[in-house]
Student: 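Following this message is one structure expressed as structure tokens.
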Amino acid sequence: MGRAFVYVILGGGVAAGYAALEFRKRGVSHGELCIISEEPVPPYERPALSKGYLLPEDPARLPSFHTCVGAHEERLTPKWYKEHGIELVLGTQVKSADIRRKTLLTAAGETISYKILIIATGARALKLEEFGVKGSDAENVCYLRDLSDANTLVDLMKSCSGGNAVVIGGGYIGMECAASLVINKISVAMVFPEAHCMARLFTPKIANYYEDYYKSKGVKFIKGTVLSSFEIDPSGKVTAVILRDGSRLPADMVVVGIGIRPNTSLFEGQLTLEKGGIKVNGKLQSSNSSVYAVGDVAAFPVKLFGEIRRLEHVDSARKSARHAVAAIMEPDKTGEFDYLPFFYSRVFTLSWQFYGDSAGEVIHFGDFSGSTFGAYWVNKGHLVGSFLEGGTKDEYDAVAKATRLKPAIEDVAALERQGLGFALAI
Ligand code: FAD
Ligand code: NDP
């Protein structure tokens, strides 16, 4: 059995939702577009899962955070897809893809064919087993990538109130989940291999600010080490985390955030890969002209820095998806994707944004003992990256604008003195 569509989006996450909105805006006809997703619900704003979804009171629940509310656009509910004649094939995993024949085979045995395919398969969480540690399947160990993981985490938090959690990993998941655990009245110990949290983006000075803030909320940091094993009781529950130096951290629950791998396996050997993702051009088109890739799985040219990059953030998923659809529907009117990398996070009452590239010399500015501070990155004589904590909308817009312009910086000391004023004056 089989069905045929003009456009198929494989994956039903953030990028799929924004692609669907763009298709609708550009006039896709009823019955032309299909979204196939392993998840049982239509696309939603994944960032909510480590923030509003985990609040002890009045938590965010679907349908409130379906895409595209995160960009203040329409909310794409199941009814929306129906009204616009967009077929949702949910709870369905695609098992194989045949790029030459332009077909996808689902786990249910259905063949779905396309004229144009958009790959939006995102990524999967890395498992501890991939680092030689067993125990991921214990009932009180969880990861966080999708709604079902978030439900597991919520249930665990409810059953562990007043208890101890160990958070493995000092990246985005680790930092955001640690904050949520504290808000849910659970004591947190964070374990990660680097010298400070968010090591790939934060400077030691920036990291120190957040670590001090977390410590003031009772979070313990165990840095420069990794876990070596779990202590597991006869019922199969983890009771403690054993570190490489032999020390033991009691645990009622464990949250693991140790990075991701893009879901490329269906296309290995069929499409060109780079940076762990599917390599695409400035129109988000892969090495096969009928196949596009967007979101976490796409490695695309970041014009501003003259490099192919794979980004793992929601803004890039939204914008790359919209650009791909524009390139598909109106190829003559659509130029090359020209993206300014943008990352952000919100924890407790803190909130930061980062634009550009964290390369070169760092110039910190502002009041690190107060609530507004930041940093600029200057590489080869130009401003290439900006970080700001506690800014207003106008201030964030200003650092974004300044970063995109990549102004020449002749006097680093002057930039340091001007601080945020430098961006505001541009
Ligand atoms: P995803 O949203 O992961 O969607 C991929 C979809 O493809 C999923 O529905 C998956 O089930 C489906 N799929 C994969 N393989 C198959 C298959 N073979 N068959 C069928 N379906 C398949 N970024 C930020 O910038 N800010 C944040 O605050 C932020 N918070 C986050 C919080 C959490 C908990 C997580 C996990 C991520 C967060 N991110 C954040 C990152 C952001 O959510 C991702 O960059 C974004 O979701 C990527 O979108 P995507 O569509 O490429 O992939
Ligand atoms: P990150 O890549 O942000 O962080 C992973 C962390 O785990 C790093 O500190 C890493 O160290 C560490 N680590 C790696 N291996 C081990 C190990 N064996 N033991 C202990 N620590 C280890 O990934 P996350 O899992 O935090 O996030 C997953 C995805 O979700 C990312 O794509 C992220 O962008 C996205 N996300 C984004 C958010 C946002 O933008 N606000 C919020 C939540 C998720 P090392 O650097 O040495 O490898």
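Below, all heavy atoms of this structure are taken into account, side chains as well, without hydrogens, waters or symmetry copies.
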Student: Run Leu49 and Phe65 through side-chain contact (heavy atoms from CB on, under 4.5 Å) and show every step you take.
Tutor: CA-CA 10 Å; Leu49 297 184; Phe65 62 97; 4.2 Å; yes
Student: Do Lys319's NZ or CZ and the ring of Tyr18 fall within the cation-pi criteria of under 6.0 Å and 45°?
Tutor: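 No, cation not above the ring by the 6.0 Å, 45° rule.
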Student: Can you check side-chain hydrogen bond (donor to acceptor under 3.5 Å, both in side chains) on Asp367 and Ser369, steps first, answer last?
Tutor: CA-CA 5 Å; Asp367 180 7; Ser369 57; 2.7 Å; yes
Student: Does either side chain, that of Glu129 or that of Ser136, offer a donor lying less than 3.5 Å from an acceptor on the other one?
Tutor: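 Yes - a donor-acceptor pair under 3.5 Å links their side chains.
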Student: Looking at side-chain heavy atoms only, is the closest gap between Leu104 and Val8 below 4.5 Å?
Tutor: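 Sidechains of Val8 and Leu104: in contact.
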Student: Please give me the minimum heavy-atom distance between Ala150 and Leu54, naming the atom from each residue.
Tutor: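 The answer is O-CD2, 4.5 Å.
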Student: If I compare all heavy atoms of Leu76 with all of Ala20, which pair ends up nearest, and what's the gap?
Tutor: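 Minimum heavy-atom separation between Leu76 and Ala20: CD2-CB, 4.2 Å.
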Student: One pair to check against side-chain contact (heavy atoms from CB on, under 4.5 Å): Val280 and Tyr292. What are the steps and the verdict?
Tutor: CA-CA 7 Å; Val280 292; Tyr292 292 71; 6.0 Å; no
Student: Quick one: do Glu194 and Arg200 make a salt bridge, cutoff under 4.0 Å?
Tutor: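 No, Glu194 and Arg200 are not salt-bridged.
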Student: Would you say the side chain of Lys279 lies within less than 4.5 Å of the side chain of Thr272, judging by non-hydrogen atoms?
Tutor: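 Side chain of Thr272 against side chain of Lys279, heavy atoms only: contact under 4.5 Å found.
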Student: Taking only Lys NZ, Arg NE, NH1 and NH2, and the carboxylate oxygens of Asp or Glu, determine whether Glu130 and Arg124 approach each other closer than 4.0 Å.
Tutor: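 A salt bridge links Glu130 with Arg124.
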Student: Under the criterion salt bridge (Lys or Arg N to Asp or Glu O under 4.0 Å), I'd like the reasoning laid out for Asp394 against Lys401: C-alpha separation, chi angles, the key distance, then a yes or no.
Tutor: CA-CA 10 Å; Asp394 287 349; Lys401 185 175 161 210; over 6 Å; no
Student: Does a side chain donor of either Arg46 or Tyr44 reach within less than 3.5 Å of an acceptor in the other side chain?
Tutor: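 Yes, Tyr44 and Arg46 have a side-chain donor paired with an acceptor closer than 3.5 Å.
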Student: If you look at every heavy atom in Met157 and Ser180, which pair is closest and at what distance?
Tutor: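 Of all heavy-atom pairs spanning Met157 and Ser180, the closest is SD-O, 4.3 Å.
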Student: Crowded around Lys25 NZ? As in, over 12 foreign heavy atoms under 6.0 Å?
Tutor: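 Yes, enclosed.
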Student: Is the Phe368 ring parallel, tilted or perpendicular to the His364 ring (thresholds 30°, 60°)?
Tutor: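 If you compare the ring of Phe368 with that of His364, the planes turn out perpendicular.
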Student: Within a 6.0 Å radius of atom CZ on Arg261, are there more than 12 heavy atoms belonging to other residues, nucleotides or ligands?
Tutor: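 Not more than 12 within 6.0 Å, no.
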Student: Does the Lys NZ or Arg CZ of Arg61 fall within the cation-pi geometry relative to Tyr53 - under 6.0 Å from the ring centre and within 45° of the axis?
Tutor: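 Here Arg61 passes the 6.0 Å and 45° test against Tyr53.
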Student: Can the ring centres of Trp352 and Phe387 be said to be less than 6.0 Å apart?
Tutor: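 Yes; Phe387 has its ring centre under 6.0 Å from that of Trp352.
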Student: Between Arg318 and Glu45, does any side-chain N to carboxylate O distance fall below 4.0 Å?
Tutor: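 Yes.
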Student: In this structure, is the centre-to-centre distance between the rings of Phe300 and Phe337 below 6.0 Å?
Tutor: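 Here the rings of Phe300 and Phe337 have centres that are less than 6.0 Å from each other.
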Student: Angle class for the Phe23/Tyr7 ring planes (parallel below 30°, perpendicular above 60°, tilted otherwise)?
Tutor: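 Tilted: the ring planes of Phe23 and Tyr7 meet at 30° to 60°.
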Student: Do you know which of Ile119, Leu105, Leu10 makes side chain to side chain contact (heavy atoms under 4.5 Å, CB included) with Val94?
Tutor: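 Running side chain to side chain contact (heavy atoms under 4.5 Å, CB included) over Ile119, Leu105, Leu10 with Val94 returns exactly one hit, Leu10.
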Student: If the condition is side chain to side chain contact (heavy atoms under 4.5 Å, CB included), which residues does Leu350 pass it with, not counting sequence neighbours?
Tutor: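 Residues passing side chain to side chain contact (heavy atoms under 4.5 Å, CB included) with Leu350: Tyr209, Tyr210, Tyr213, Val347, Glu389.
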Student: What distance separates Ile35 CD1 from Ile86 CD1, expressed to the nearest 0.5 Å?
Tutor: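 Atom-to-atom, Ile35:CD1 and Ile86:CD1 are 6.5 Å apart.
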Student: Does any part of the side chain of Tyr339, heavy atoms only, come nearer than 4.5 Å to the side chain of Ser316, both counted from C-beta?
Tutor: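 In contact.
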Student: Please name the pair of heavy atoms, one in Pro42 and one in Tyr81, separated by the smallest distance, quoted to 0.1 Å.
Tutor: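 Result for this residue pair: CB-CE1, 3.7 Å.
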Student: Apply salt bridge (Lys or Arg N to Asp or Glu O under 4.0 Å) to the pair Arg322 and Glu73, showing each step before the final yes or no.
Tutor: CA-CA 13 Å; Arg322 299 185 87 144; Glu73 297 261 12; 3.0 Å; yes
Student: Strictly below 4.0 Å, N to O, side chains only: are Lys283 and Glu336 in salt-bridge contact?
Tutor: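 No, no charged N to carboxylate O under 4.0 Å.
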Student: Between Asp155 and Leu153, is there a side-chain heavy-atom distance shorter than 4.5 Å?
Tutor: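 No, too far: nothing below the 4.5 Å cut-off.
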Student: ring-ring contact (aromatic ring centres under 6.0 Å, His included) with Phe354: which of Tyr172, Trp377, Tyr344, Phe202?
Tutor: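 Of the listed options, the one satisfying the test is Trp377.
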Student: List the steps, then state whether side-chain hydrogen bond (donor to acceptor under 3.5 Å, both in side chains) holds for Thr111 with Thr103.
Tutor: CA-CA 6 Å; Thr111 298; Thr103 56; over 6 Å; no
Student: Do the side-chain N and O atoms of Ser286 and Asn288 include a donor-acceptor pair separated by under 3.5 angstrom?
Tutor: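 No donor-acceptor contact under 3.5 Å links the two side chains.
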Student: Got a salt bridge between Arg248 and Glu231, using NZ or NE/NH1/NH2 to carboxylate O under 4.0 Å?
Tutor: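 Answer for the salt bridge query: yes.
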Student: Would you say the ring centers of Phe343 and His313 fall short of 6.0 Å from each other?
Tutor: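 Yes, they do, as the ring centres are separated by less than 6.0 Å.
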Student: Could you tell me whether the side chain of Ser37 reaches within less than 4.5 Å of the side chain of Thr92, counting heavy atoms only?
Tutor: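 They are not in contact (no side-chain heavy atoms under 4.5 Å apart), so the answer is no.
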Student: Do Tyr355 and Gln353 pass the side-chain hydrogen bond (donor to acceptor under 3.5 Å, both in side chains) test, and can you show the C-alpha distance, the side-chain angles, and the key distance before you say yes or no?
Tutor: CA-CA 7 Å; Tyr355 294 90; Gln353 297 191 6; 2.6 Å; yes
Student: Would you say Ile186 and Met253 make side-chain contact, with heavy atoms under 4.5 Å?
Tutor: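 Contact flag for Ile186/Met253 side chains = yes.
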Student: side-chain contact (heavy atoms from CB on, under 4.5 Å) between Leu227 and Val133: does it pass, once the steps are laid out?
Tutor: CA-CA 8 Å; Leu227 82 167; Val133 176; 4.1 Å; yes
Student: Does this structure show an ion pair linking Arg346 with Glu176, if we count only N-O contacts that are shorter than 4.0 Å?
Tutor: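 Result for this pair is no, no salt bridge flagged.
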Student: Heavy-atom count check: over 12 atoms from other residues, nucleotides or ligands less than 6.0 Å from Lys303 NZ?
Tutor: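 Atom NZ in Lys303 is crowded, with more than 12 foreign heavy atoms closer than 6.0 Å.
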Student: Tell me whether Asp233 at atom CG has more than 12 heavy atoms from other residues, nucleotides or ligands lying less than 6.0 Å away.
Tutor: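 It does: Asp233 CG has more than 12 such atoms within range.
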Student: Testing Ile118, Thr334, Val28 one by one against Val325 for a side chain to side chain contact (heavy atoms under 4.5 Å, CB included), which residue passes?
Tutor: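 Only match with Val325 under side chain to side chain contact (heavy atoms under 4.5 Å, CB included): Ile118.
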Student: If every non-hydrogen atom of Pro56 is compared with every non-hydrogen atom of Asn184, which pair is closest and at what distance?
Tutor: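 Looks like CB-OD1, 3.4 Å.
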Student: Within 45° of the six-membered ring axis of Phe348 and under 6.0 Å from that ring's centre, is NZ or CZ of Lys217 located there?
Tutor: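 That pair qualifies as a cation-pi contact.
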Student: Which atom pair, heavy atoms only, marks the closest approach of Phe5 to Glu32?
Tutor: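 Closest pair (atom of Phe5, atom of Glu32, distance): CB-O, 3.6 Å.
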Student: Answer yes when Asp137 and Lys237 have at least one side-chain N-carboxylate O distance shorter than 4.0 Å, and no when they do not.
Tutor: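 No.
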Student: Is the shortest side-chain heavy-atom distance between Met190 and Met175 below 4.5 Å?
Tutor: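 Of all side-chain heavy-atom pairs linking Met175 with Met190, at least one is under 4.5 Å.
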Student: Between Lys275 and Glu307, is there a side-chain heavy-atom distance shorter than 4.5 Å?
Tutor: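 When only atoms from C-beta onward are counted, Lys275 and Glu307 do touch, with a gap below 4.5 Å.
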Student: Does the distance from a Lys or Arg side-chain N to an Asp or Glu carboxylate O, for Glu312 and Arg310, drop under 4.0 Å?
Tutor: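 Salt bridge present between Glu312 and Arg310.
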Student: Can you list the steps and then say if Ser290 with Lys102 is a side-chain hydrogen bond (donor to acceptor under 3.5 Å, both in side chains)?
Tutor: CA-CA 8 Å; Ser290 307; Lys102 300 190 175 186; 3.1 Å; yes
Student: Evaluate the criterion side-chain contact (heavy atoms from CB on, under 4.5 Å) for residue pair Ile9 and Tyr114; output intermediate values, then yes/no.
Tutor: CA-CA 9 Å; Ile9 302 173; Tyr114 60 82; over 6 Å; no
